[in-house]
Amino acid sequence: MDKVYAPQEIERRIYERWEGRGWFAPQGSAAPFCIMIPPPNVTGTLHMGHAFQHTLMDALTRYHRMRGDATLWQPGTDHAGIATQMVVERQLEAEGLRRADLGRTSFLERVWQWKAQSGGTISRQMRRLGDSVDWSRERFTMDEDLSHAVTEVFVRLYEEGLIYRGKRLVNWDPVLLTALSDLEVLSEEEDGHLWHLRYPLADGNGHLVVATTRPETMLGDTAVAVNPEDGRYRHLIGRSVRLPLAGREIPIIADAYVDAAFGSGCVKITPAHDFNDYEIGQRHGLEQINILTATATLNENVPERFRGLDRFEARRRVVAELESLGLMEKIEPHRLPVPRGDRSGAVLEPWLTDQWYVKIAPLAHPAIEAVESGAIRFVPESWAKTYFEWMRNIRDWCISRQLWWGHRIPAWYDGRGNVYVGRSEAEVRTRHGLAASTALRQDEDVLDTWFSSALWPFSTLGWPERTGELAKFYPTSVLVTGFDIIFFWVARMIMMGLKFADGVPFRDVYITGLIRDHDGQKMSKSKGNIIDPLDIIDGIDLEALVAKRTSGLMQPHLAPGIVKATRREFPQGIPAFGTDALRFTFAALATQSRDIRFDLGRVGGYRNFCNKLWNAARFVTMMVPEPPGAEPAEHSVADRWIRARFARMLAGVESALTDYRFDFAATALYEFTWYELCDWYLELVKPVLQDDAASEALKRGARRTLVETLEALLRTLHPFMPFITEEIWQRVAPLAGRAGETVMLAPWPGAAGFPPDSQAESDMGWIQSLVLAVRQIRGEMDISPARRLPLLLQNASPEDRERLARHQTFLERLAGLESLRVLAAGESAPQSAIGLVGGLKLLVPMAGLIDAAAEIERLAKRLAKTRQELEKTRTKLGNESFVGRAPAEVVAAERARAAELEHTIASLEAQLERVRSLAAG
RNA sequence: AGGCGCGUAGCUCAGUGGUAGAGCACUUCCUUGACAUGGAAGUGGUCGGUGGUUCGAUCCCACUCGCGCCUACCA
């Protein structure tokens, strides 16, 4: 084996073998375990958040596969209606074409072409991450069978009256020319103005003042509202004002919605262009006057001179005219939330159009109950609150989009305005007895992408067919995703699953934190702080990284800042860390926190961990070049100890995984591997294997323990670090007598061979204490590790003597001793540095080694520390309430502690005195 | 406005009603036959603040300060 672990060489080769052998597909008839991948957007690439979630999903998948479950991790992508259409339209634009020039059919061909060409990016990334998904079952939301499921669900919901078509206000994107759902609206505060307009009373007796942030909409006003309790205006209710510019007479109405304390207390009502006004309009039977076209220019319902103007130009003209008429009371600066489309960034308009909606309340109720009853469990559970909060205030879902790319709405219209919904035009004709001569036209619109995503857990398994996969894997075991799509996706899957697949789509919802950059900022293209997970795996130089971050920016003016920040944060670019180091980092970072700052330093630490493991294996294969053989073996205390420690670690990893505490699992593995196996056990086998006097049986015991423990450790690490464990396992498994072609299909380790052994653990604890005490003296006295030390033991108990007899070799080797001897009772000790292990005193003679002054300083420091601790303990024991009320065992422990501290202090004091007197003499 | 979360070592974060932990960084020593992507020893924290419950609070409760996120119709 090479001296340094080199991930680049092995990862691709290993993955190709796994995939080529078909090992990712579910096997056997055992208990099913299934995870549905949250389908990434087919236009996109995997970002750090994906890599994070994929690591956790893969760890769970590999863990369950090794436990023998029939394990399916289902991959796929969604068609991302708007995003994909935008990408292809931009491509056309470069050719000087628009989508209308091609027509619907050719345009869709172009989209499929584009998908064939660039849709592979994500799957390439997934392969590099080691994702053990069943590629043979990869799905795309626009696949024929998934589309079939979409149609089926639409038709059934329609037939039940849970889908309806209606003309109402929607969030309209005047750039993309489509409706959006509430969730696709991003509202942020921006600077604007509050214009106070004077509306003259129709009878000529003065005016009212209304305040508005969007003065151009006044052309569509159909009322002015006041609060019914507002004494200032009560006498005006029922009268009317003359709407300036438009010249219409509109009523003054009373509605409790109006806040008398805000502005003038009068509100202009524009039912066709404001969601609140729409509702007020409904309540009062007001006319709805739509003044905008689809592109947000003014239409024929406004006075001639305003027609055709863009909305913002219209605003300037309206304001100017009102000012010149003396109808502008005042203009104030004002911050207000401005709704923008999440894709286009355009300011959205509430606009009256015909759209399709899902009536959501009847679906929401059972979905709420599923979480309340525990049929679905959120982890961490506090996310259930967020879910409830949204579900209880949910509104009908606008599912139609004015796009070409997506699932076309299965509705047909005849010439008389009748609408027919069905699985196909043929079905519609048959069911409604429509003659072939009756012309039918299919609805032009497509469905929201999330509509098909909501069906993902069962559409990918073949629904509506009652397939074997559906029966076996539904409901799935766990959904792993980020909190940002609880509403978009999680809630909708629950609703649809309960409605159509006879039950919840998953048992657990594990909500991961959000990966942020080193400064806690959300990673985004526009901020220029994204990192491609593959660049951590393969490394990237600074210039390439800068180029990557600044190319294709929506706002090119941000580039200089991005360049600067990137050069500051990654002056050397990013080194190659390999997949396993990145994955282990993600696991270690997977705490219950909802924000996770990504720290490259951590990846470096775990890259080192990979190297540590690699070198441990290198050592093992050097020590055990061939199988140790089945002849009788004897196990040393170290052998028994490491086996017992392995069992504890294994149990810790298992319970951590049950609780989705990947951070605990990672810590348990890390600490066992580094601090127990490498720091202690590998050192402990050296004196055995390198000692000619040691028995063959003892050596065989050590060799077996080495290979068996390492082999089992590799299996335990495999879900987190699949590549390095496979590479090493191929060499080590035969030595440990374990057959099998791959670690990924090897059984998860069990207790056999790793029995608990508290005797070995306490003996090892004693050995470690002695070694540490000597090392402490060595370290604090700056004695070279190369220098062998003589060690004398004083005040040894019978147990100490007994242990010493059994473990002397270990002590000599690990503490770097030249000699080790127990002082006889009454035998005087030479001038020494002292270490204490319980009552046992460790003496390192100072002659020629240790400066008395240094030892005095060391002892004094230790004494001060111990006295401080004793002081605290005494205070506690001096408190009558503590002694009287605390549990007896707590008090007893405190007393024992005090006694031990006192003893330590006495020893230290005596020693200090001795060294001092000698130094003086 | 409502909801949720966070504040622990220089940095990034675990954690527990009973002696505060890790990684990185830092200091000193060491190239000893697995590993310098290493080994050994060490420095470093009034656990945001105040009050309460308790024998005992970093942990539970109340208030408070600071920060963040999500929902929402104040024109």
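Order of the sequence lines sets the chain letters (A, B, ...), proteins ahead of strands, with each chain counted from 1.
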For this session: Verify whether one side chain among A:Tyr5 and A:Asn615 offers a donor that lies under 3.5 Å from an acceptor in the other.
Result: no

Seminar exercise, completed: RNA chain B nearest-nucleotide lookup for A:Asp679 and A:Val258: closer to the 5′ end is A:Asp679

For this session: Answer with base, sugar-phosphate or nothing: what part of the nucleic acid does A:Glu683 contact at a heavy-atom distance below 4.0 Å?
Result: base

Problem set entry | Pair of N/O donor and acceptor under 3.5 Å linking B:C4 base with A:Arg594 side chain | yes

Exercise. Is it true that A:Arg858 and A:Glu855 make a salt bridge, defined as a side-chain N closer than 4.0 Å to a carboxylate O?
Worked result: yes

For this session: Record whether the side chain of A:Arg597 comes under 3.5 Å of the base of B:C13 through a donor-acceptor pair of N or O atoms.
Result: no

Exercise. When you measure from the side chain of A:Arg602 to the backbone N and O of A:Phe586, does any donor-acceptor pair fall under 3.5 Å?
Worked result: no

For this session: Answer with base, sugar-phosphate or nothing: what part of the nucleic acid does A:Leu682 contact at a heavy-atom distance below 4.0 Å?
Result: base

Exercise. Between A:Trp680 and B:G39, does any side-chain N or O lie under 4.0 Å from OP1 or OP2?
Worked result: no

Exercise. Which residue lies toward the 5' end of RNA chain B, A:Asp259 or A:Lys3, if each is placed at its nearest nucleotide?
Worked result: A:Lys3

For this session: For nucleotides B:G49 and B:U8, find the distance between their P atoms and express it as a whole number of Å.
Result: 10 Å

Exercise. Stepwise, does the salt bridge (charged side-chain N to carboxylate O under 4.0 Å, His left out) test hold for A:Arg214 with A:Glu349?
Worked result: CA-CA 11 Å; A:Arg214 306 176 59 211; A:Glu349 288 293 338; 2.5 Å; yes

